[in-house]
Amino acid sequence: MEDNLKSIEDIRTIRKLMEESTRFLSLSGLSGIFAGVFAITGALIAYFLILNNGSIHLDEYNRILPQAETLSLRWKLIADALCVLTLSVVFCLYFSNKKAKREGKIFWSPASKKLLISILIPLLTGGIFIIVLLVQNNMQLIVPGLLIFYGLALANAGKFTFDEIFYLGILEIITGLVAAFIPGWGIIFWVFGFGILHIIYGIVMYRKYEA
Amino acid sequence: MKNLIDNLNKVFDSRIRLGIMSVLMVNEKFDFNSLKETLNVTDGNLASHLKALEEKGMIRVNKQFIGRKPNTSYSATSSGIFDFQQHLKALENIIKSQ
């Protein structure tokens with residue numbers, strides 16, 4: 001009987017170490033909720049403040065006016081998006097670090113390095129591609145492009161963290177592809193993909209693993 | 001019951017050696033410091049267990065320099081992987097036998 005108990009305990013240790021050494025499991029659901037809230041706030045700021053209650057339709061506006069006149073508008077939207085990104089990343093790192101400490105796990109481990117690299121390759125490629133779209137004045141594909149590349153990054157990262165991240169990635173890719181077919185609804189798809197999906201994901205993860 | 005226990009590999013009697021092999025089974029290589037943090041053990045303790053596994057031919061030591069800092073990492077050898085899998089099977093059989 002004693003051997004049996006020790007064997008069960010041994011197998012449990014093996015399984016735990018195999019998982020912890022290959023997957024970063026300190027991602028907090030809270031960071032998902034915050035990222036979603038920031039994305040929606042960013043969209044509201046874009047719609048009501050920058051695009052003047054939606055009366056400025058960026059696509060048409062762009063084609064009629066000379067590029068110089070839409071430049072400040074463009075920079076404001078870029079700044080808005082970068083704020084959302086920065087805040088989301090900072091909060092994600094903060095909550096994950098906190099969760100790792102609480103569970104006595106290491107934040108900067110071989111698993112988290114692999115996770116970071118698997119996220120960054122599609123994400124940086126996407127970032128550069130979005131700059132190309134901006135330079136070429138192809139505004140309609142920016143939100144779909146952001147969603148698709150972000151989804152690819154998450155689907156890729158799923159191997160090194162919770163499986164749920166993989167499925168979130170697939171949903172982001174689908175949202176991005178649908179958005180690409182329906183021009184002019186960029187803000188709505190942004191709110192759904194970066195806002196609502198993140199909040200739902202965050203709540204599910206928080207209740208499943210942390211609450 | 002006696003036979004089942006005999007199938008267990010004595011080398012893996014220690015939790016730390018068991019832990020080292022578990023990590024190296026699923027990672028191509030793992031460096032000393034990360035191993036230390038993952039298993040939550042002291043330098044000396046980890047080093048002596050690594051030495052034991054190395055002498056049994058179960059793990060391989062790779063020493064390299066990252067910039068000027070020496071970096072030691074470890075990988076499981078194919079015989080180490082085989083022995084560990086046998087040990088896992090033996091553990092499972094003990095649990096099943098009850």
Side-chain angles (χ1 to χ4, degrees), chain A residues 1-28 93-121 155-166 209, chain B residues 1-41 46 49 59 62 66 71-76 80-81 83-98:
Chain A
M1 193 60 212
E2 202 177 291
D3 291 313
N4 193 25
L5 282 180
K6 186 176 182 293
S7 303
I8 292 174
E9 197 50 44
D10 277 357
I11 290 210
R12 203 168 281 155
T13 309
I14 294 167
R15 188 174 295 159
K16 182 171 152 274
L17 283 169
M18 284 184 167
E19 192 176 77
E20 278 179 12
S21 65
T22 47
R23 287 170 182 252
F24 179 74
L25 299 177
S26 301
L27 277 185
S28 168
L93 293 175
Y94 171 75
F95 284 120
S96 300
N97 200 357
K98 219 170 117 176
K99 191 180 166 197
K101 276 208 183 109
R102 192 172 58 231
E103 294 175 349
K105 290 185 191 158
I106 340 147
F107 183 67
W108 193 235
S109 63
S112 59
K113 279 174 212 166
K114 281 184 199 156
L115 174 66
L116 194 66
I117 291 168
S118 67
I119 288 181
L120 283 182
I121 293 171
N156 201 29
K159 293 191 285 290
F160 303 112
T161 180
F162 295 106
D163 286 335
E164 285 85 345
I165 286 283
F166 171 80
Y209 298 104
Chain B
M1 190 63 209
K2 188 84 188 82
N3 283 339
L4 287 173
I5 295 168
D6 286 346
N7 286 337
L8 289 175
N9 196 329
K10 283 270 177 292
V11 179
F12 302 125
D13 231 14
S14 137
R15 243 329 126 63
I16 296 172
R17 288 201 281 263
L18 189 79
I20 295 169
M21 281 310 285
S22 306
V23 172
L24 296 183
M25 288 295 285
V26 287
N27 288 278
E28 207 181 322
K29 57 180 189 190
F30 223 71
D31 67 277
F32 186 87
N33 285 330
S34 305
L35 215 43
K36 193 178 84 180
E37 285 168 346
T38 307
L39 299 170
N40 209 3
V41 285
L46 179 60
H49 285 295
I59 62 170
N62 328 293
I66 295 179
N71 181 281
T72 310
S73 67
Y74 301 86
S75 319
I81 290 172
D83 288 349
F84 188 78
Q85 280 165 345
Q86 293 301 109
H87 182 73
L88 259 184
K89 264 186 212 142
L91 284 175
E92 279 165 7
N93 286 335
I94 291 175
I95 295 168
K96 273 186 212 146
S97 73
Q98 294 281 312

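The sequence lines fix the lettering, A, B, ..., with proteins before strands; numbering per chain opens at 1.
Nearest heavy atoms, B:Ser22 versus A:Leu17: CB-CB, 4.1 Å. Closest heavy-atom contact between A:Thr22 and B:Val26: CG2-O, 3.5 Å.
Around atom NZ of A:Lys16, no more than 12 heavy atoms belonging to other residues, nucleotides or ligands sit under 6.0 Å away. Around OH of A:Tyr94, the count of heavy atoms belonging to other residues, nucleotides or ligands within 6.0 Å does not exceed 12.
Using a 4.5 Å cut-off between heavy atoms, A:Lys114 touches chain B through its side chain atoms alone. Proximity to chain B is absent for every atom of A:Glu19, based on heavy atoms less than 4.5 angstrom apart.
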Checking side chain to side chain contact (heavy atoms under 4.5 Å, CB included) for the pair A:Lys6/B:Asp13: CA distance, chi angles, key distance, verdict? CA-CA 10 Å; A:Lys6 186 176 182 293; B:Asp13 231 14; 4.0 Å; yes
Take B:Glu92 and A:Ile11 through the test side chain to side chain contact (heavy atoms under 4.5 Å, CB included) and record every step on the way to the result. CA-CA 8 Å; B:Glu92 279 165 7; A:Ile11 290 210; 3.9 Å; yes
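Interatomic distance, CG of B:Leu91 versus CG of A:Asp10, reported as 5.5 Å (0.5 Å rounding). Once rounded to the nearest 0.5 Å, the distance linking CD1 of A:Ile14 with CZ of B:Arg15 reads 8.5 Å. Distance check: B:Asn27 CG to A:Ser21 OG gives 4.5 Å after rounding to the nearest 0.5 Å. In this structure, the separation between CD1 on A:Ile106 and NZ on B:Lys36 is 10.5 Å, given to the nearest 0.5 Å. One finds the NZ atom of A:Lys105 at 13.0 Å from the CG atom of B:Asn40 (value rounded to the nearest 0.5 Å). We find the CD1-OG1 distance between B:Ile16 and A:Thr13 to be 11.5 Å, quoted to the nearest 0.5 Å.
Interface remark: of the candidates A:Pro110, A:Ala111, A:Gly104, A:Pro110 forms the most heavy-atom pairs closer than 4.5 Å to chain B.
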